[in-house]
There are 2 protein chains.
Amino acid sequence: MTFVQQPLQSSPALLPLTDVTDAAACGSSVGRAAIAPADAEALARSLKALADPARLRILSIVGSHLDAEACVCDLTDVLTLSQPTISHHLKVLVDAGFLTRSKRGTWSYYRLVPGALGGVAQVLPGL
Amino acid sequence: MTFVQQPLQSSPALLPLTDVTDAAACGSSVGRAAIAPADAEALARSLKALADPARLRILSIVGSHLDAEACVCDLTDVLTLSQPTISHHLKVLVDAGFLTRSKRGTWSYYRLVPGALGGVAQVLPGL
DNA sequence: CCCATTCATCGACAAATGTCAATCTATGCG
DNA sequence: CGCATAGATTGACATTTGTCGATGAATGGG
């Protein structure tokens with residue numbers, strides 16, 4: 001079970017835990033193991049894709065449509081950004097596994113990947 | 001009810017919704033309103049603070065301690081980063097409202113802010 | 001076949017970010 | 001007081017990131 005869709009990355013196990021070798025001097029006792037460095041990097045990549053106002057708005061706009069689908073023109077109408085910039089953000093979100101793209105005719109339609117946001121949300125409180 | 005502790009920012013309402021003026025040409029129908037630009041920026045700030053492997057590991061290490069408390073030396077032992085860099089990341093997490101700092105003697109102890117991570121996690125799937 | 005439309009890609013640029021070495025500030029101990 | 005230790009700050013640097021204008025690729029219509 002992976003904690004989030006990561007199409008262009010290796011499938012990260014759910015917090016596989018690091019070594020519990022404590023041996024600190026001033027430190028307090030360790031209750032459980034922390035996140036593995038590789039998983040921290042994978043999760044950080046997902047969060048980095050989300051950590052932008054424009055991209056959050058894009059996800060929200062796509063999700064707010066009845067069919068959970070939106071084309072680029074839906075976004076250029078609302079966002080105060082150039083069309084290339086919006087395309088760039090869309091690419092980031094697709095690469096990170098939060099959106100899918102399907103081209104029909106001249107238009108590109110973007111959809112939310114079900115559970116992608118939830119996957120990230122599920123891991124966070126467990127840190 | 002705010003969606004996440006944001007000590008140095010204004011208190012953002014929970015997805016206060018933008019205008020539902022659709023009027024698009026190619027676009028599909030709108031089911032509900034999207035996130036407000038100001039809230040997107042606030043949420044992005046929180047996510048930006050989390051979107052770094054070192055900071056995720058720091059949060060996880062602090063949370064993995066039995067008393068949910070750790071000093072800087074606990075982190076310098078484990079992370080392969082210089083002490084100033086770790087102090088920098090700690091400051092970012094404190095400023096974003098995910099950690100609190102309490103100095104006792106020569107040591108600085110950091111604690112997780114209860115519910116801070118959960119607050120972010122709660123909002124994400126609702127986008 | 002030519003042109004308009006939709007969107008992606010490229011190149012350039014300024015701003016933000018992560019990192020470290022050097023330094024500064026407390027605090028505790030002889 | 002003098003020194004050692006823990007940690008924060010500063011300054012510098014390379015890398016990454018967000019943005020745009022210009023251009024390219026594909027599709028549909030007259």
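These figures come from a predicted structure and were not determined experimentally. Order of the sequence lines sets the chain letters (A, B, ...), proteins ahead of strands, with each chain counted from 1.
With rounding to the nearest 0.5 Å, the separation of CD1 in A/Ile58 from CG in A/Leu79 is 5.5 Å. In this structure, the separation between CG on A/Leu50 and CZ on A/Arg45 is 13.5 Å, given to the nearest 0.5 Å. Taking CG from A/Leu93 and OG1 from A/Thr100, the interatomic distance works out to 11.5 Å, rounded to the nearest 0.5 Å.
Looking at B/Lys103, its side chain never comes within 3.5 Å of a backbone N or O of B/Ser108 through a donor-acceptor pair. A/Ser64 places a side-chain N or O within donor-acceptor distance of the main-chain N or O of A/Ser60, the cut-off being under 3.5 Å. Although no hydrogens or angles enter the test, the distance criterion places a donor-acceptor pair under 3.5 Å between the side chain of B/Asp74 and the main chain of B/Cys71.
Rounded to an integer number of Å, the gap from A/Arg57 CZ to D/dT19 P is 12 Å. At whole-Å resolution of the value, CG in B/Leu75 and P in D/dA8 are 10 Å apart. Between the P atom of C/dA16 and the NZ atom of A/Lys48 lies a distance of 16 Å, rounded to the nearest Å. Rounded to whole Å, atom C1' of D/dG18 lies 14 Å from atom CG of A/Leu56. The separation between B/Leu81 atom CG and C/dT17 atom P is 17 Å, rounded to whole Å. Taking atom CG of B/Asp77 as the reference point, atom P of D/dA6 lies 10 Å away to the nearest angstrom. Distance B/Arg45 CZ to C/dA16 P: 13 Å, rounded to the nearest Å. Atom CG in B/Leu93 sits roughly 16 Å away from atom C1' in D/dG7 (whole-Å rounding).
For the pair A/Thr80 and A/Gly105, nearest-nucleotide mapping onto DNA chain D gives the more 5' position to A/Thr80.
No side-chain heavy atom of B/Val92 sits under 4.5 Å from any side-chain heavy atom of B/Phe98.
In this structure, A/Arg104 does not reach the C/dT6 phosphate: none of its side-chain N or O atoms is under 4.0 Å from OP1 or OP2.
Judged by the 6.0 Å and 45° rule, B/Arg101 forms no cation-pi pair with B/Tyr109.
Contact check on B/Arg57 versus A/Glu41 returns no salt bridge, with no Lys/Arg side-chain nitrogen under 4.0 Å from an Asp/Glu carboxylate oxygen.
Taking a pair as Watson-Crick or G-U with both hydrogen-bonding distances under 3.5 Å, the stems of three or more pairs touching DNA chain C are C:1-30 with D:1-30.
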Between N or O atoms, less than 3.5 Å apart, protein on one side and nucleotides 7-10 of chain C on the other: list the pairs.
{"residue": "C/dC7", "atom": "OP1", "partner": "A/Ser108", "partner atom": "N", "Å": "3.4"}
{"residue": "C/dC7", "atom": "OP2", "partner": "A/Cys73", "partner atom": "N", "Å": "3.3"}
{"residue": "C/dC7", "atom": "O3'", "partner": "A/Ser108", "partner atom": "OG", "Å": "3.4"}
{"residue": "C/dA8", "atom": "OP1", "partner": "A/Arg101", "partner atom": "NH1", "Å": "3.1"}
{"residue": "C/dA8", "atom": "OP1", "partner": "A/Tyr110", "partner atom": "OH", "Å": "2.2"}
{"residue": "C/dA8", "atom": "OP2", "partner": "A/Ser87", "partner atom": "OG", "Å": "2.1"}
{"residue": "C/dA8", "atom": "N7", "partner": "A/Gln83", "partner atom": "NE2", "Å": "2.7"}
{"residue": "C/dA8", "atom": "N6", "partner": "A/Gln83", "partner atom": "OE1", "Å": "3.3"}

